[in-house]
Number of protein chains: 2
Amino acid sequence: MNTPEEPVHERITEAELAVMDVLWERPRRTAAEVCDEVCTARGWSLATVKTLLSRLVQKGALAAEPDGRRYLYSPLIERAAYVGGESRRLVDRLFGGSAASLVAHLAETEALTEDDLAEIEALLKELRP
Amino acid sequence: MNTPEEPVHERITEAELAVMDVLWERPRRTAAEVCDEVCTARGWSLATVKTLLSRLVQKGALAAEPDGRRYLYSPLIERAAYVGGESRRLVDRLFGGSAASLVAHLAETEALTEDDLAEIEALLKELRP
DNA sequence: CGGCAATGTTTACAGCCGTAGTCGTCAAGA
DNA sequence: TCTTGACGACTACGGCTGTAAACATTGCCG
């Protein structure tokens with residue numbers, strides 16, 4: 001079990017993630033609409049967003065559905081899948097593949113608030129009655 | 001609390017991490033000794049290790065202590081600090097800063113084995129009696 | 001109908017990353 | 001002492017990233 005399971009899409013970079021995030025929140029948006037969401041926050045120009053969109057399409061992470069002379073962009077991968085892959089990468093690289101070690105580390109370094117701990121506890125109760 | 005706390009050292013890359021790992025395991029080693037540990041595993045030449053060591057020194061992640069004609073390299077940052085920073089970055093980028101969300105995700109996607117869950121439960125019991 | 005505004009495509013370019021070769025030096029062995 | 005091997009420093013170089021300008025096209029407004 002636990003096949004390595006290489007993802008089909010190429011690696012999504014930090015800047016590209018910002019774009020993916022707005023499309024995960026609501027798909028089928030144009031370049032200009034995506035820019036409306038992120039350009040001011042990141043200090044980007046529309047050109048930058050266009051580049052990122054193109055690269056994401058090339059990487060197989062976005063679909064570009066023609067709509068007149070423009071495109072509506074939508075994610076081809078689910079956010080959960082991406083997040084899962086990244087989490088796994090981190091766990092593998094830094095915690096020898098043990099997710100429990102990650103949780104332990106978070107707990108030890110007090111990256112977990114009291115609320116976090118309570119929430120996790122609740123989760124556990126649900127997962128193993 | 002919870003100051004953003006920018007780390008002093010520059011970002012450590014994947015390849016560099018392999019080098020850091022052997023020096024975290026045992027500090028004060030020469031380039032050749034580091035190479036002995038990683039070159040075959042990663043298919044690197046000694047030259048590559050030398051480059052990575054230099055870059056890590058420049059980045060402030062390693063100290064190079066002169067020892068005759070060569071250097072003995074040692075980490076300037078603790079592994080726990082690095083690991084903590086990376087974990088935080090992931091949690092911030094992908095889980096809106098909520099570590100509990102990360103744990104929830106791991107649980108939902110079954111990235112956590114039964115053993116993991118048991119271990120985490122034990123941890124929790126210890127942390128909040 | 002003609003020019004403008006919007007939109008994707010192409011090109012750019014500096015900086016980082018992975019990977020390594022070359023050069024100059026110096027210590028130790030012959 | 002002369003040579004050779006070990007070392008760090010410098011150089012290289014293609015690919016990826018972040019950031020964007022220039023260009024081409026084309027629908028729309030006047």
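Values below: all heavy atoms of this structure, side chains included; hydrogens, waters and symmetry mates excluded.
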Protein and nucleotides 11-17 of chain D: nitrogen or oxygen contacts under 3.5 angstrom:
residue, atom, partner, partner atom, Å
D:dT17, OP2, A:K59, NZ, 3.3

Between protein and nucleic acid, restricted to nucleotides 23-27 of chain D and to nitrogen or oxygen atoms under 3.5 Å apart, what atom pairs and distances do you find?
residue, atom, partner, partner atom, Å
D:dG27, O3', A:R69, NH2, 3.3

Please list, pair by pair, any protein nitrogen or oxygen found under 3.5 Å from a nitrogen or oxygen in nucleotides 1-4 of chain C.
none

Under 3.5 Å, which donor-acceptor pairs do the side chains of residues 22-29 of chain B form with other protein atoms, sequence neighbours left out?
residue, atom, partner, partner atom, Å
B:W24, NE1, B:I77, O, 2.9
B:R28, NE, B:E65, OE1, 3.1
B:R28, NH2, B:E65, OE2, 2.7
B:R29, NE, B:R26, O, 3.0
B:R29, NH2, B:V22, O, 3.0

Report the C-alpha separation of B:S87 and A:L102 in whole Å, then their side-chain angles, then the decisive distance to 0.1 Å, and conclude whether the side chain to side chain contact (heavy atoms under 4.5 Å, CB included) test is met. CA-CA 8 Å; B:S87 303; A:L102 165 56; 3.8 Å; yes
Assess the residue pair A:T13 and A:K59 against the criterion (side chain to side chain contact (heavy atoms under 4.5 Å, CB included)); give the C-alpha distance rounded to whole Å, side-chain angles, the decisive distance to 0.1 Å, and a yes or no. CA-CA 11 Å; A:T13 74; A:K59 290 184 179 182; 3.8 Å; yes
Please step through side chain to side chain contact (heavy atoms under 4.5 Å, CB included) for the pair B:I12 and B:Y82, ending with a clear verdict. CA-CA 9 Å; B:I12 292 170; B:Y82 173 72; 3.8 Å; yes
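Two different hydrophobic clusters hold B:M20 and B:L76 under the rule that ILVMFWY side chains link at heavy-atom gaps under 4.5 Å. In the hydrophobic clustering of this structure, B:V49 groups with B:L17; members are Ile, Leu, Val, Met, Phe, Trp, Tyr whose side-chain heavy atoms approach within less than 4.5 Å, directly or through other members.
With respect to A:E86 and A:R11, a salt bridge is recorded, a charged nitrogen being found less than 4.0 Å from a carboxylate O. With respect to the salt-bridge test (charged N to carboxylate O, under 4.0 angstrom), the residues B:D92 and B:R89 do not qualify. Ion pairing between a basic and an acidic side chain is recognised when a charged N comes within 4.0 Å of a carboxylate O; B:R55 and B:E10 show no such pairing.
Distance, B:L72 CG to D:dC7 C1': 13 Å, rounded to whole Å. One interatomic measurement links the two molecules: CG of B:L56 to P of C:dC17, which rounds to 10 Å at whole-angstrom precision. D:dG8 atom P lies 13 Å from atom CG of B:L62, rounded to whole Å. Look at CD on B:Q58: it is 11 Å from C1' on D:dA9, rounded to the nearest Å. Atom CG in A:D67 sits roughly 12 Å away from atom C1' in C:dT7 (whole-Å rounding). As rounded to whole Å, 16 Å separates atom C1' of C:dT25 from atom CZ of B:R70. Between the CG atom of A:L46 and the C1' atom of C:dT9 there is a distance of 13 Å, given to the nearest Å. As rounded to whole Å, 13 Å separates atom P of C:dC17 from atom CG of B:L17.
For D:dA6, the OP1/OP2 oxygens have no side-chain nitrogen or oxygen of B:Y71 closer than 4.0 Å.
In this structure a side-chain-to-backbone donor-acceptor pair under 3.5 Å is present from A:T51 to A:A47. The main-chain N or O of A:W44 is never found under 3.5 Å from a side-chain atom of A:T48 such that the two would form a donor-acceptor pair. Checking side-chain atoms of B:E126 against main-chain N and O of B:L123 turns up no donor-acceptor pair under 3.5 Å. The backbone N or O of B:G97 sits nowhere less than 3.5 Å from a side-chain atom of B:S101 that would complete a donor-acceptor pair.
Among the protein residues, B:T48 comes within range of the nucleic acid bases, having at least one heavy atom under 4.0 Å from a base atom.
Contacts between residues 20-38 of chain B and DNA chain C, defined by a heavy-atom separation under 4.0 Å, are absent.
Evaluation of the side-chain contact (heavy atoms from CB on, under 4.5 Å) rule for A:E114 yields A:L117, B:R128 as partners, not counting sequence neighbours.
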